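Written out below as structure tokens is the structure these notes cover.
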Number of protein chains: 2
Amino acid sequence: MRNRVAGEVADASLVDASPAGAVASGRRDDLGVLPGLVGYNLRRTQEAVFGAFMEMVTGKLDSAGLTPGQFGVLAIVVANPGLKQIELGTALGVDRSTIVAAVDKLENRGLVERRPVPHDRRAHALTLTAEGQRVYRRALTLVDRHEAKIAGGLTPAERSQLLDLLGRVQRAAQQRP
Amino acid sequence: MRNRVAGEVADASLVDASPAGAVASGRRDDLGVLPGLVGYNLRRTQEAVFGAFMEMVTGKLDSAGLTPGQFGVLAIVVANPGLKQIELGTALGVDRSTIVAAVDKLENRGLVERRPVPHDRRAHALTLTAEGQRVYRRALTLVDRHEAKIAGGLTPAERSQLLDLLGRVQRAAQQRP
DNA sequence: TATTGTTATACTCTATAACTATA
DNA sequence: TATAGTTATAGAGTATAACAATA
């Protein structure tokens, strides 16, 4: 089963690298093997969803709006007030060096605070300011609208299955060897 | 139905911004609303798949390997030999300015050629060199392996449905208003 | 020694605006 | 005028390596 799927992809392109319709008819928009690849569809969909988020959520907030990544930071700090930067990085699955600039921006905008951690002077405890909580709440309603736009056409069952399938693909991709 | 889905997300976080378990138990890895969002799961999955591609395909090819984006360019040029850069951009859904650097790199590596277009001296006809075709074919077998890794755990039916759901989400996200 | 945060650097991907040459 | 390609610039995301301060 597994072999057949992979084989289809290879055969389709190796045997017929320049499919009938496109060139002969003057069209030049044939995507070759790409439409059959999970990775490619994932990338295109993610790109479209990212763009929709930028339109719906970024720029629609009074000050400057939140990027998808910034919203993610606020969501995790809200759920885990006082967490350390390295814990934030672990939660988001990114390196601690990546967190620094992200927190810097939110701190400069007065949405997030770095506080001392009682018994560890190396670390910073992250919390939302009052303003940060207000911005997060307003962003959340926009994010809900955004989610309704991109996934509102799916039934609840389809939406669940999409999340399930994405989770399985993600875990498979993270498998080491 | 649509409202209920969006409502769940908002309610879950607004009412219970700092869920029971995480903070009380000392854990600091609660993701808050994020795990319920299609957009967030899409982003994490895409990131994981991108990383797996880099390990499996990039760097495993003699010279320097192909990034996901570079493989996409080769795949489209293979399927539409002689197409113009702007057509390549349209096919990939990116701006023509983005294509320039992508083609530059592949041309510098001797994988792609810019040829004159008969009756339009503004345009360039893109084709793969013999070396480009060899690299593409070898990359394709690695991409098949990559796809088997990330989607091999899905049944053919599940794989089809994932592609269908991604396509529907992508189209919904691209809807203008 | 190991961990937290930081900085410097580098890479992928994307776009807009302004320019040249050509249609 | 409009289109194809280019350049400059910007900004989203990501990482590694080396360092200081602290545990």
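The structure displayed is predicted, hence computed values, not measured ones. Heavy-atom basis, side chains included; hydrogens, waters and symmetry copies ignored.
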Touch class at under 4.0 angstrom, heavy-atom based, for A:T98 against every strand present: base
Nearest-angstrom distance from the residue atom CD of B:E55 to P of D:dT16: 10 Å
Any donor-acceptor pair under 3.5 Å from A:E55 side chain to A:A52 backbone: no
Can you say whether a donor on the side chain of B:R121 sits under 3.5 Å from an acceptor on the base of C:dT22, or the other way round? no
To the nearest Å, how far apart are A:F71 CZ and D:dA12 C1'? 17 Å
Please state whether the base of D:dT16 and the side chain of A:S97 form at least one donor-acceptor pair under 3.5 Å? yes
Contact class for B:V94 vs. all strands (heavy atom < 4.0 Å): base, sugar-phosphate, or nothing? sugar-phosphate
Comparing A:R43 and A:R122 on DNA chain C - which has the more 5′ nearest nucleotide: A:R122
Tell me: CG of B:D95 to P of C:dT12, nearest whole Å? 19 Å
Check every strand shown and say whether B:D120 touches a base, only sugar-phosphate, or nothing at a heavy-atom separation below 4.0 Å. sugar-phosphate
Steps toward side chain to side chain contact (heavy atoms under 4.5 Å, CB included) verdict (B:F53, B:V143): CA-CA 8 Å; B:F53 188 104; B:V143 168; 3.9 Å; yes
Would you kindly give the CG-to-P distance between B:L66 and C:dC11, to the nearest whole Å? 17 Å
Map B:E47 and B:H124 onto DNA chain D by nearest heavy atom, then report which one ends up closer to the 5' terminus. B:H124
How close or far is atom P of C:dT4 from atom CG of A:L126, stated in whole angstroms? 13 Å
Roughly, in whole Å, what's the span from CZ in A:F50 to C1' in C:dT14? 9 Å
End-to-end axis angle, where each axis spans five pairs of the helix from C:dT1-D:dA23 to C:dA23-D:dT1, to 10°: 10°
d(CZ, A:R44; C1', C:dC13) in whole Å: 13 Å
Below 4.0 Å: OP1/OP2 of C:dT6 and any side-chain N or O of A:Q85: yes
Compute the ring centroids of A:F71 and B:Y40, then answer whether they are less than 6.0 Å apart. no
Distance-only, no hydrogens or angles: does the A:E147 side chain make a donor-acceptor pair with backbone N or O of B:V38 under 3.5 Å? yes
Have a look at A:G93 and say if it touches a base, only the backbone sugar-phosphate, or nothing, with a 4.0 Å heavy-atom cut-off. sugar-phosphate
Backbone N/O of B:R138 and side chain of B:T141: donor-acceptor pair under 3.5 Å: yes
Hey, is the side chain of B:K105 poking within less than 4.0 Å of OP1 or OP2 on C:dT12, counting only N and O atoms? yes
Classify the side chain of B:R96 and the base of D:dG5 as holding, or not holding, a donor-acceptor pair under 3.5 Å. yes
Upstream residue (5' side of DNA chain C) when A:A101 and A:A123 are each assigned their closest nucleotide: A:A123
N or O in side chain of B:R114 less than 4.0 angstrom from D:dT6 OP1/OP2: yes
Output the rounded distance in Å from CD1 (A:I99) to P (D:dA15). 9 Å
Side-chain touch A:R43/A:Q46, heavy atoms, less than 4.5 angstrom: no
Rounded to the nearest 0.5 Å, the CD1 atom of B:I86 sits from the CZ atom of B:R122 at a distance of 9.0 Å
Proximal nucleotide (of C:dT4, D:dG5, D:dA12) relative to the A:T67 side chain: D:dA12
Minimum heavy-atom distance B:L37-B:N41, with the two atoms named: O-ND2, 2.7 Å
